[in-house]
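Written below as structure tokens is the structure these notes are about.
Letters go in sequence order (proteins before strands), and every chain restarts at 1. Because only heavy atoms are used, hydrogens play no part in the values below, and waters and symmetry mates are left out as well, while side chains stay in. Given the structure is predicted, the values throughout are model-derived calculations rather than measurements.
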Amino acid sequence: MSSKPKSFEENMQRLESIVRTMERGEASLDESLKLFREGTALVEACSKLLDDAELQIGKIVAGADGEPAEEAFRNDSND
Amino acid sequence: MSQQILTIGQINEYIRAKLDSDVLLSGVAVRGEISNYKIYPSGHHYFTLKDENSALKCVMFRGNAMRLKFRPENGMKVIAVGKISVYPRDGAYQLYCSTLTTDGVGDLHTAFEQLKAKLHKEGLFSPEHKKPLPPIPEKICIITSEAGAAVHDMLRIMAARFPLTKVLLLPVRVQGSEAPGEIVSAIHYANQYKLADVLIVGRGGGSIEDLWAFNDEQVARAIFASEIPVISAVGHEPDVTISDYVADVRAATPSNAAELVVPDQNSLRQSMDKSYQLMISVLSRKLQSERRQLNILKSSSALQGPTQYVHRQRQQLHLLTAKLISASQQIVSKKKQDFIAKTAKLDAMSPLKVISRGYAVVEADDGDLISSIKQTGVGNNIQVFLTDGTIHSTVTEILEGSL
């Protein structure tokens with residue numbers, strides 16, 4: 001449902017791909033600058049996603065029709 | 001006088017009564033090795049217990065046999081508890097066994113080894129069947145007790161490592177007789193509704209009996225059948241259960257599972273920093289190399305050329321300009337001479353020159369030229385232009401006839 005981790009993973013993969021391309025050294029100066037700008041933007045985006053994230057927790061209960069429904073679940077450390 | 005002659009039934013009945021009335025024999029525990037184990041269609045189990053010197057026939061009725069925690073096999077050393085009595089029909093006494101437990105190793109352990117061998121043989125543990133875990137899961141479903149430290153430890157660790165994910169708890173009993181059924185249902189439910197990208201199935205530490213649900217055959221089969229990858233997370237590090245063998249990944253403890261299921265954001269950040277540094281170093285290398293190339297080009301004749309070319313062109317331009325000027329000057333001077341000549345001719349024919357030769361220009365008052373006597377009349381004013389001035393006069397007489 002949440003698309004954030006997926007785009008996080010996609011961002012990381014794109015970043016790796018950019019670094020690999022740049023390291024191959026075949027790109028022109030102009031292309032390298034473009035890749036650098038894109039790579040930097042990805043790093044900032046991913047860092048921000050991590051900074052802003054809060055673990056989402058839910059408890060599944062089966063509804064009357066058997067379909068799953070979500071309830072709040074507090075993560076206390078008391079037993 | 002005579003000995004009483006009994007029937008077989010009577011003597012057997014006598015023996016039975018004797019044995020049944022004996023306190024020890026009514027509840028006895030006997031140690032021995034199983035042989036001739038047979039299960040009859042009735043569900044009753046028949047076997048012989050023996051040691052080096054002796055043997056004892058045993059029977060375990062269906063009701064008691066159903067509670068066996070393991071499968072008795074020939075050669076097993078066991079402790080049989082029950083009562084000794086006689087089966088009058090055949091006159092043999094036997095141990096009517098109520099419980100059978102393995103001797104020395106423990107029947108739970110035996111059951112564990114038996115099931116492990118069986119499932120291993122079926123291929124449930126084989127590495128080909130193990131599915132890879134998603135590197136960055138969107139949703140994680142934990143199947144465990146909602147009380148207890150295990151789930152809270154897992155959530156705490158996941159929140160610290162990688163909060164960019166969603167965790168769903170499917171609470172189940174994790175010990176007791178209902179536990180295996182609940183765990184199996186939960187695994188099926190999670191698969192049916194595709195609740196997550198990865199499942200964690202487990203519980204905190206405990207005795208072998210506490211962890212027993214995770215050695216259950218149906219639990220193992222449910223884990224194997226799960227299309228969603230399963231991490232088993234049972235007990236402490238040395239505890240290994242059947243679930244651990246059949247799962248896609250084994251975690252030593254629930255906390256370990258939390259470490260395996262999500263990446264650590266610190267190492268992700270570090271790897272991003274490294275990527276950034278790599279990009280910078282590639283870029284600065286590129287800039288340096290481009291700059292060097294530029295300098296090389298600057299000093300090469302190829303680039304000097306244009307300046308010289310321009311210089312040459314400029315020289316050429318000067319030359320041509322000079323030529324143009326001198327040529328045009330010549331033309332001009334020739335033209336000038338022509339002009340002067342023509343002007344001289346014109347000059348000679350100029351009315352002014354004519355006038356200077358004694359001819360006059362006559363005009364009326366309004367400036368119209370008078371070239372005929374018809375253009376004026378007696379009494380009109382006329383102006384006469386001579387070479388050195390103008391005479392205003394009035395016509396007094398007009399006489400026809402040319403000069």
What residue in Glu70(A), Glu71(A), Met22(A) has the most heavy-atom pairs under 4.5 Å with chain B? Met22(A)
Provide the closest heavy-atom pair for Leu155(B) versus Leu55(A) in the form atom of the first, atom of the second, distance. O-CD2, 3.6 Å
Heavy-atom pairs under 4.5 Å with chain A: which of Glu290(B), Lys286(B), Glu146(B) has the most? Lys286(B)
Restricting to salt bridge (Lys or Arg N to Asp or Glu O under 4.0 Å), what partner residues turn up for Glu16(A), sequence neighbours left out? none
Spatial distance of atom CG (Asp51(A)) from atom CG (Leu164(B)) [nearest 0.5 Å]: 10.5 Å
Step through the shown structure and confirm whether more than 12 heavy atoms of other residues, nucleotides or ligands are within 6.0 Å of CD on Glu67(A). yes
Answer whether the closest heavy-atom distance between the side chains of Leu169(B) and Ile57(A) falls below 4.5 Å. no
Contacting region of Ile18(A) [heavy-atom separation from chain B under 4.5 Å]: side chain
With a 4.5 angstrom heavy-atom cut-off, could you sort out which part of Ile140(B) is near chain A: side chain, backbone, both or neither? neither
What are the residues of residues 219-255 of chain B, in order of number, with any heavy atom under 4.5 angstrom from a heavy atom of chain A? none
Angle between ring planes, His152(B) versus Phe73(A), binned at 30° and 60°: parallel, tilted or perpendicular? parallel
Rounded at 0.5 Å granularity, tell me how far CG in Leu283(B) sits from CG in Leu29(A). 6.5 Å
One option among Pro163(B), Pro135(B), Ser281(B) has the most heavy-atom pairs under 4.5 Å with chain A, and it is Pro163(B)
Need one label for Ala62(A): side chain, backbone, both or neither, based on atoms under 4.5 Å from any heavy atom in chain B. both
Non-hydrogen contacts under 4.5 angstrom with chain A: give the residues of residues 264-280 of chain B involved, or none if there are none. Gln265(B), Leu268(B), Arg269(B), Ser271(B), Met272(B), Ser275(B), Tyr276(B), Leu278(B), Met279(B), Ile280(B)
Identify the residues of residues 174-208 of chain B whose heavy atoms come closer than 4.5 Å to a heavy atom of chain A, ordered by number, or report 'none'. Tyr189(B), Tyr193(B), Leu195(B)
Region of Leu15(A) that comes under 4.5 Å of a non-hydrogen atom in chain B: side chain
Greater than 12 external heavy atoms within 6.0 Å of Lys69(B)'s NZ: no
Given heavy-atom pairs under 4.5 angstrom as the criterion, report whether the side chain, backbone, both or neither of Glu23(A) touches chain B. both
